[in-house]
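Atoms considered below: every heavy atom in the structure, side chains included; atoms not considered: hydrogens, waters and symmetry mates. Heads up: numbering here begins at 1 and tracks the sequence.
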Amino acid sequence: MARSLSLLLLLVACFLVAGATAARLAPSTTGAAAMSSFVRTWCAGTEYPALCDATLAPYSAAVGTSPAKLAWAALTVTLSAARNATSAVRSIAARSSQSPHLPPVAAEAAGDCASELGDGVDALRRCVDTMARVAVGEESSSSSTAAARRKARFEVDNVRTWASAALTDDNMCMEGFKGEAAGGGGAREAVRGHIMGLLHLTANALGILNAMAKQI
């Protein structure tokens with residue numbers, strides 16, 4: 001009888017320990033799910049939600065549930081893409097200027113495009129730096145004061161302006177290739193391949209910024 005009672009108590013103790021361990025693990029799982037859900041919810045309101053999910057999901061842990069950090073992540077991804085596109089288009093422009101098979105207008109368009117993309121990179125760099133400051137301020141104990149909200153709104157409005165300018169630069173990049181002659185030798189399609197993804201990323205970042213601005 002005593003042995004049976006001891007065995008029963010041991011089983012109960014093991015059950016309680018297992019339950020406590022599961023309870024400790026549950027918050028981290030729920031937290032990770034909440035972070036992922038946060039990103040998906042905000043991405044759902046962007047122009048290209050699947051692309052938004054794919055590019056920002058790796059930042060879920062760093063972003064947490066912070067709109068400012070999410071906007072910073074979106075702009076960081078976009079800046080990286082803009083730098084890559086600028087480098088690629090500069091190479092295309094250099095090759096185009098040396099090719100006897102391309103009309104001069106194609107080489108000129110590629111050069112202009114590279115310059116416009118460079119302007120966009122500068123604008124996006126300001127966006128990333130400013131949004132990093134906004135994210136830091138969001139965590140401050142004084143972030144809920146009227147003055148702090150006004151400052152955050154001012155900063156976000158600036159970032160929206162710069163991101164819009166970058167989007168315009170991206171669009172203008174392709175304008176010089178209008179017309180069949182300008183696209184001779186495949187320069188237009190080569191540039192387009194680098195620009196379209198950048199346009200989509202920039203549009204998504206701007207969408208997140210616009211949604212964030214409504215909440216400040």
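Taking each heavy atom of Ile195 and Cys173 in turn, the nearest pair found is CD1-SG, 3.8 Å. Residues Ala88 and His194 come closest through the heavy atom pair CB-CE1, 3.4 Å. When every heavy atom of Ser60 is checked against every heavy atom of Ser36, the shortest pair comes out as OG-CA, 4.1 Å. In this structure, Ala203 and Tyr48 approach most closely via the heavy-atom pair CB-CE1, 4.1 Å. Smallest separation of non-hydrogen atoms from Gly120 and Asp169: N-OD2, 3.4 Å. Here the closest heavy-atom approach between residue Met131 and residue Val156 is recorded as CE-CG2, 4.2 Å.
No chain of hydrophobic side-chain contacts below 4.5 Å, direct or via other Ile, Leu, Val, Met, Phe, Trp or Tyr residues, connects Leu124 to Met172. In terms of hydrophobic clustering, with Ile, Leu, Val, Met, Phe, Trp and Tyr side chains grouped at heavy-atom distances under 4.5 Å, Val128 and Val136 are assigned to different clusters.
Taking CZ from Arg150 and CD1 from Ile216, the interatomic distance works out to 13.5 Å, rounded to the nearest 0.5 Å. The structure places CG of Leu79 at 10.0 Å from CG of Leu198, a figure rounded to the nearest 0.5 Å. Note that the OG1 atom of Thr76 and the CG atom of Leu201 stand 12.0 Å from one another [nearest 0.5 Å]. Considering OG1 of Thr86 and CG of Asp122, their distance stands at 9.0 Å, rounded to 0.5 Å. Here the SG-CD distance, from Cys113 to Glu108, works out to 12.5 Å after rounding to the nearest 0.5 Å.
Using a 4.5 Å heavy-atom cutoff, the side chains of Thr46 and Leu51 are not in contact. Using a 4.5 Å heavy-atom threshold, the side chains of Val159 and Leu75 count as touching. Within the 4.5 Å cutoff, no side-chain heavy atoms of Leu56 are placed close to those of Trp42. Within the 4.5 Å cutoff, side-chain heavy atoms of Arg133 are placed close to those of Thr130. Inter-residue side-chain proximity for Glu116 and Asp170 is flagged as unmet; no heavy-atom pair is nearer than 4.5 Å.
Side chain of Ser91 to backbone of Ser87: a donor-acceptor contact under 3.5 angstrom is found. A donor-acceptor distance shorter than 3.5 angstrom exists from the side chain of Thr161 to the backbone of Asp157, with no hydrogens or angles considered.
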Only distances under 3.5 Å count here; give the side-chain donor-acceptor pairs of residues 205-215 to other protein atoms, sequence neighbours excluded, each with its distance to 0.1 Å.
| from | atom 1 | to | atom 2 | distance (Å) |
| --- | --- | --- | --- | --- |
| Asn210 | OD1 | Arg160 | NE | 2.9 |
| Asn210 | OD1 | Arg160 | NH2 | 3.3 |
| Asn210 | ND2 | Leu206 | O | 3.3 |

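Relative orientation of the Tyr59 and Trp72 rings is perpendicular, given thresholds of 30° and 60° on the angle between their planes.
Taking the side-chain hydrogen bond (donor to acceptor under 3.5 Å, both in side chains) definition, one finds that Thr78 meets it with nothing, sequence neighbours left out.
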